[in-house]
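Below, read A as the first sequence line, B as the second, and so on, with proteins coming before strands; counting in each chain starts at 1.
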Amino acid sequence: MYDFKKIEKKWQDFWKATQPFKAINNSKKPKFYSLIEFPYPSSQGLHVGHPRSYVALDIISRKRRMQDYNVLFPIGWDAFGLPTENYAIKNNVHPKEITEKSIAKFKNQLQSLGLSFDWSREINTTDPKYFKWTQWIFSRLFENGLAAKEETLINWCTSCKCVLANEEVISGQCERCSGEVIQKQKSQWVLKITKYAQRLIDDLDSLDYPERVKQQQKNWIGKSEGALIKFKISSGQELEIFTTRPETICGISYMVIAPENKILDEISQHITNLEKINKYKQEAAKKNDFQRSQMVKEKTGVEIKGVLAINPFNGKEIPIFTADYVLANYGTGAIMAVPAHDERDWEFAVKYNLPKPMVICPEDSQNIELTKAFTGNGKLINSGFLNGLTIEEAKKKVIEFLILNKAGKSQVNFKLRDWIFARQRYWGEPIPIINCKECGFVLEENLPLLLPEVQNFQPLENGESPISNCSNWVNTKCPKCGREAQRETDTMPQWAGSSWYFLRYLDPNNNDSLADEEALKYWLPVDWYNGGMEHTTLHLLYSRFWHKFLYDIHVVPCSEPYAKRTCHGMILGESNEKMSKSRGNVVNPDDIIQEFGADVMRVYEMFIGDFENAASWNTKSISGCKRFIEKFFNLNNILAKQENIRNEFLILINKAIKKVSEDIENLKFNTAIATLMDLLGQIKATNLITREELKIFIILLNPFAPHVTEEIWQKSGFKKTVAEQSWPYYNEELINSEKNEIVVQINGKIKTKIMADPDIDKSELINLAKNNKLILKELNNKEIIKEICIPKKIINFVVK
RNA sequence: GCGGAUGUGGCGAAAUUGGCACACGCGCCAGGUUUAGGUCCUGGUGGGAAACCAUGCAGGUUCGAAUCCUGUCAUCCGCACCA
């Protein structure tokens, strides 16, 4: 009788007592650092999606230990954040209390899965001993000019009453609560991730990340090369624009300034239709980014009367418009419009009846009439001395001209914007900055800077953090001059603590530095980091940025944190939809463990489908894995006294070792399990298993189903535990010595199969095939035109 | 619109990377054990009477294509007026 409850409890208690999965900091063994994204402990508890990633790296970690690596597989809690705070407000309790409860629940659930975490290194981002170092890193960023308070356009979630990073805005809505997001001018703490944009792109090349992750990060950073060009305005000011097409400078039809661009105020006294312009500005401010993009087809704008721009290349006067299809926070917030060679400008020019002069002509057709913007390759026309040049040549010439005339230069721009690093909420790390009227922003010296106790966690109506009501916390003395000063009341965003957590695992109790130098040297970089695709442009990018900064200030020994990244697919509900409370299709892992046990649950999650693709949950299908584990459990009943592997199983078992070993490395857990199911079936059919056969089978299955394998190991009288065994080797020669089944085709159609030795030579093999009865008959009276022979695989006779 | 991915039995999916399409599992069918079965065991299970036909669709390359190329359709994910 397979009493999984008893067995699993027994082994979990054993692991708790003996701590066999503890990583050693000063070991001579080769190290292996495997990392999962540490969970956000929500009050709902674990989701069946969580274990997919955890079990996968648990399997890899367990295998590595058996391969004699010193393995670090740690766990912790990313516990600051909005959901907890919202829950706290709703239920009128302290977020700290909820966090503690949620962590206890998560911990319980994770332990019931038999994951081989090193629990002695558990960390918690809300622990002052931890966030002391989050604040410390912020201080270093500040000292190095990478953290600064800036007046910028920010995304404001009207429901969370909180600033959001660009990465947190999904289709104009808040990532967390789906509330409406509007644009607002606000003075904000930002981290200058854009200074690292180029390096964040370049260093991707050296990393073992999935191609789609690299692509997504590159696209998000969005590098584009072009030119910055200054246009004199008739009123005396200058209008600076960014373009990737400087060679089209003679095709300019008009200029556009984004409605939020401050230059509009600077030239306002020269504008003759100011009222109309201001009205347009107001309307544009009402629209959020999402609404703007919804109106892609409906371009709007107003001509700014009374001012003209002057083309620095040919001195021509150009009308200026303001239109919200130009974004204020990309480039310079203004463009030169070349309708003939830009689709958006074309649309606008058509709508407002503006000229569309053509300056690039496709090489094969001349004097064509444009019916839409031409963005292809060609030669320059109507462009003075640029005429006849290719686009590339003209680009160079124009930039040379601009530099010579001090009217511009080449320029690289990134879509990536600086990381808005402040939230007007309570449950986060306080930003350790004191604002002194005399000295400006000064760093707090006594870290950690703790959160003040407040009565009410609700954000204030004026959009400030509830902390700002705590006057005895806010008001302090300037550490520099000793005068009255105020503390910053914003807290850090959720992404702060997770940007460096993998460093703290190396030395979680260190009070003098974020981690010991030797430990950093030994363990870094993370060897294998698995996580979700959804963090590609958030956490993964942010933590690469922080790590590079820490490398630059000589805190960490390498410039990239994660050597290898893999991504798991989501687990969907039975009807192929995301699991969610509102759909009512959430599967609770506790129920599954209760009914089937952790081992079956683990095996099922790994068997469910390709690890990297989404898979839909199907509780019925678990029974296949349940049968498999039960059959394995019962192997004990047919265990023979005989020691060695039987001859007829030698090759099969060697092949299985190879397949399971390789599949685990390639995240093909589903086929590894299929291999084991197959092997089990074949052995069982003989109604007998030898001790060595069982031994190998147990070791291969152990990473997937650690409890039941330890149990059978012990029951069978093997020494020590499975976890202490060495991962088995396979004999490649033996595998290759197996007779091959060779398919014989005629004109590509399968006729028969023959068995042949693996080292038989080609002509012999062909003769063997030709002399096969069936083939002899088929070839009768036919002329062989071609003989194709692929050793070990196939023979094909092409006949007439 | 741009970027990425996927498309194979009733279902989840395999296919040594150009060489036996559908391994393994679910479900289903038949038989057996059982007082009973949401248990266990055994066998069967793409279509077609067959030659043959089948990997979203249409072409192409090849002795040979799920796999490579061209076009096309569908679904999913990410970004979205980025000049």
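Looking at heavy-atom distances under 4.0 Å, I608(A) makes contact with sugar-phosphate atoms alone, never a base. I750(A) comes within 4.0 angstrom of sugar-phosphate atoms only, judged by non-hydrogen atoms across all strands, and of no base. N670(A) comes within 4.0 angstrom of the backbone, heavy atoms only, and of no base.
In this structure, rU42(B) shows a glycosidic angle more than 90 degrees from zero, which is the anti conformation. Applying the 90° cutoff around 0 to the glycosidic angle, rG56(B) is assigned anti.
Using cut-offs of 30° and 60° on the angle between ring planes, the pair H535(A) and H539(A) is perpendicular. Ring orientation note: the planes of Y604(A) and W617(A) are nearly perpendicular, at an angle over 60° on the 30°/60° scale. Using the six-membered ring where Trp is involved, F633(A) and Y2(A) have ring planes that are tilted, between 30° and 60° apart.
Straight-line distance between the P atoms of rU61(B) and rA14(B): roughly 31 Å, to the nearest whole Å. Nucleotides rU62(B) and rU67(B) place their P atoms 16 Å apart, quoted to the nearest Å. Rounded to whole Å, the P atom of rC68(B) lies 34 Å from the corresponding atom of rG27(B). Going from the P atom of rA74(B) to that of rG64(B) covers 32 Å, rounded to whole Å. For rA15(B) and rC22(B), the C1' atoms lie 8 Å apart once the distance is rounded to whole Å. Nucleotides rU39(B) and rC26(B) are separated by 11 Å at their P atoms, to the nearest Å. rC57(B) sits 10 Å from rG9(B) when the P atoms are compared, rounded to a whole Å. Using C1' as the reference atom, rC28(B) and rU72(B) are 36 Å apart when rounded to the nearest Å.
Across the interface with RNA chain B, nearest-nucleotide mapping of S621(A) and G748(A) shows S621(A) to be the residue nearer the 5′ end. Between M533(A) and I673(A), the residue anchored nearer the 5' end of RNA chain B, judged by the nucleotide with its closest heavy atom, is I673(A).
Scanning atom types as modelled, one donor and one acceptor separated by under 3.5 angstrom connect the side chain of E741(A) and the base of rC20(B). Put simply, the side chain of K753(A) and the base of rC20(B) share a donor and an acceptor less than 3.5 Å apart. You won't find any donor-acceptor pair under 3.5 Å spanning the side chain of K793(A) and the base of rC20(B), going by distance alone.
Under the 6.0 Å distance and 45° angle rule, K299(A) counts as a cation-pi partner of Y325(A). For the pair K356(A) and W346(A), the cation sits on the ring face: its NZ or CZ lies under 6.0 Å from the ring centre, inside 45° of the axis.
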- Query: Dot-bracket for RNA chain B, 5' to 3', with Watson-Crick and G-U pairs under 3.5 Å, [ ] for crossing pairs and | for other-strand pairs: what is it?
  - Reply: (((((((..(((......[....)))((((((.......))))))((....))..(((((..]....))))))))))))....

